[in-house]
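All of these numbers come straight from a predicted model, not from anything done at the bench. By convention in this document, chain letters (A, B, ...) are assigned in the order of the sequence lines, proteins followed by strands, and residues within each chain are numbered from 1.
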Protein chains: 2
Amino acid sequence: MSLPKDIMPLRAVPCLFPADDADDFQFCSTCAFSSACRDQGYDKAALHELECLVEHIGPFEAGEYLFREGETFNAIAAVRTGTVKAFTVDAAGREQVLGFFLPGEVIGFNAIHDARFPCNVVALDTVMLCRFSFPSISALAARTSALQAQLFRLLSQDIKKAALLAGDFSADERMAAFLLGFSHHYSARGYSAHRFTLAMSRTDIANYLRLAAETVSRVMRRFQEDGLVKVNRREVELLDLPRLEALAQPVLRG
Amino acid sequence: MSLPKDIMPLRAVPCLFPADDADDFQFCSTCAFSSACRDQGYDKAALHELECLVEHIGPFEAGEYLFREGETFNAIAAVRTGTVKAFTVDAAGREQVLGFFLPGEVIGFNAIHDARFPCNVVALDTVMLCRFSFPSISALAARTSALQAQLFRLLSQDIKKAALLAGDFSADERMAAFLLGFSHHYSARGYSAHRFTLAMSRTDIANYLRLAAETVSRVMRRFQEDGLVKVNRREVELLDLPRLEALAQPVLRG
DNA sequence: CGGATTGTTGAGATGCCTCAAGTAACGTGG
DNA sequence: CCACGTTACTTGAGGCATCTCAACAATCCG
């Protein structure tokens, strides 16, 4: 998974919105736009434009709102570091967690439709974002077919993700799929597929999986008793990936 | 909701893939691309290109497959007439209904991501489609910002739709939202908001709502006893829209 | 150290599912 | 047009997965 050296010099080109820290390269290698950046070496002008377009914002501290429900939509944002939670609050004041975003994932695709955010988005720990003005990135996409295609793919991916959660699955299946989601995300980005730290509370997990918090606790304990995982607070170690995959199989398509 | 007369003459312009029947105009007024067509009178060249792009296919009879899971994706399709069901089949052979598509809705957005259909798509009654080659419509979208924006909006809308179903709601809430979905769809297109015919079986409804078929029956009966609806086979009449809206409110965002 | 938050565990309640039987519509062939 | 089988739908009784309620333990934080 080594990156072609020849894209490095681009960092040195003058930019309207110059990147403001040193680990952008590292970041870009895990970002959702990376394939549009890296794979399309033939269109360096467009890649440069994308770099000029990005605004690095943050840091946000845990609990800070990145976006609020109802807010006007004018930019998407990729998570650079940290973890983010999207949720709505219903008439009775109860939270409904829509999803979590890890580094490299893009926030805001569900806001395009009516140009307003349909949910709140809050930092769960210290979060840095890359912000892309949506009109600007759309205009760039019109000139760069690889970028347009990548945007369509990412939007399409979100449809599939949302549909996954909608299936009717048991608590065990949901939990296994949830844990494996992190494993897959991290291992695809060069981190451990076995060990990771959850940034969110049991309550948030339960809410996201449409379970009671108590059920999440019980399933976690049973998984541990069965030797599937080892859990300590929010530290998770996956001990038996094959069995977890088998459990999650109905969720992750059959 | 009257349409500008001045777009009519476009039907007379020679076309590579000439439209093959007389009610295209009627159709286009209910189609998901209609706003990209109608609202953007300033870009008639692009509108013309979109017309040339479309292939009218069908009719398909009830039970015929329009797409099959795993099939290579190369086109999206708008429903012109009829009703369509999308579903997967899990390892144990059980169906999982992902959604229904009514006239004007677009099929295939969830297939972009990995260029293959993640689900089967089957006609529930006699169905006619408008097919748009995805590479072609993408290329056109790159030249026509209104079309690009419309595609982004439609994709984004599908994300929101999928997330709706994913919430944890009671059988009553789901059923009310399901029925109101038809009401809203039809009334937005100039048909009755109160009376319509369901094209799908109770089993399909139940499967889609993640309920047992028996539960759907029972909820329907109770709704009828409470004077909310009048149901006869697949004929539905909504008698008390306000109370149904109130019931469905948690589902249709709070 | 004390209060607040977060997570765990048990006991009982419940909404929905499963199973099983029965009824109604539909199509088919006689 | 009617008997028949088939499919779709309805209804009831009982079971189970998950929720709710309540108490408690652990951790965090000032």
With a non-hydrogen cut-off below 4.0 angstrom, is B/R221 in contact with a base, only sugar-phosphate, or nothing?
-> sugar-phosphate
B/M220 CE to D/dA8 P, in whole Å, measures 15 Å
Counting only side-chain N and O atoms of A/R218, is one of them less than 4.0 Å from OP1 or OP2 of D/dT18?
-> no
Specify the residue among A/A212 and A/N232 whose closest nucleotide of DNA chain D lies further upstream toward the 5′ end.
-> A/A212
Between B/R233 and D/dA8, is there a side-chain N or O to OP1/OP2 distance below 4.0 Å?
-> no
Please work out if B/R234 contacts a base, only the sugar-phosphate, or nothing of the nucleic acid, heavy-atom cut-off 4.0 Å.
-> sugar-phosphate
To the nearest Å, give me how far apart CG (B/N207) and P (C/dC16) are.
-> 17 Å
Short side-chain N/O contact from B/T215 to OP1 or OP2 of C/dC17, under 4.0 Å = yes
Cationic tip of B/R189 above B/Y191 ring, under 6.0 Å, 45° of axis | no
Is A/R210 reaching over with its side chain to a backbone N or O of A/N207, donor-acceptor style, under 3.5 angstrom?
-> yes
Taking atom P of C/dC16 as reference, at what distance in whole Å does atom CZ of B/R222 sit?
-> 8 Å
Below 4.0 angstrom, N of the basic side chain to O of the carboxylate: do A/E95 and A/K85 qualify?
-> yes
Here the distance between atom P of C/dG15 and atom CZ of B/R174, to the nearest Å, is 15 Å
Could you check how far CG of A/L211 sits from P of C/dG7, rounded to whole Å?
-> 15 Å
May I have the distance from B/R202 (atom CZ) to C/dT23 (atom P), rounded to whole angstrom?
-> 19 Å
Measure from the side-chain N and O atoms of B/R202 to the backbone N and O of B/E214, and report whether any donor-acceptor pair falls under 3.5 Å.
-> no
Give the rounded distance in Å between these two atoms: CD of B/Q224 and C1' of D/dT10.
-> 12 Å
To the nearest angstrom, how far is B/R210 atom CZ from D/dA17 atom C1'?
-> 18 Å
So B/F87 and B/Y208, ring-ring contact (aromatic ring centres under 6.0 Å, His included) or not? Walk me through it.
-> CA-CA 9 Å; B/F87 65 99; B/Y208 173 63; over 10 Å; no
Within the structure shown, what part of the strands sits under 4.0 Å from A/A171 by heavy-atom distance: base, sugar-phosphate, or nothing?
-> sugar-phosphate
Closest to the side chain of B/E214, out of C/dC17, D/dT11, C/dT8, is D/dT11
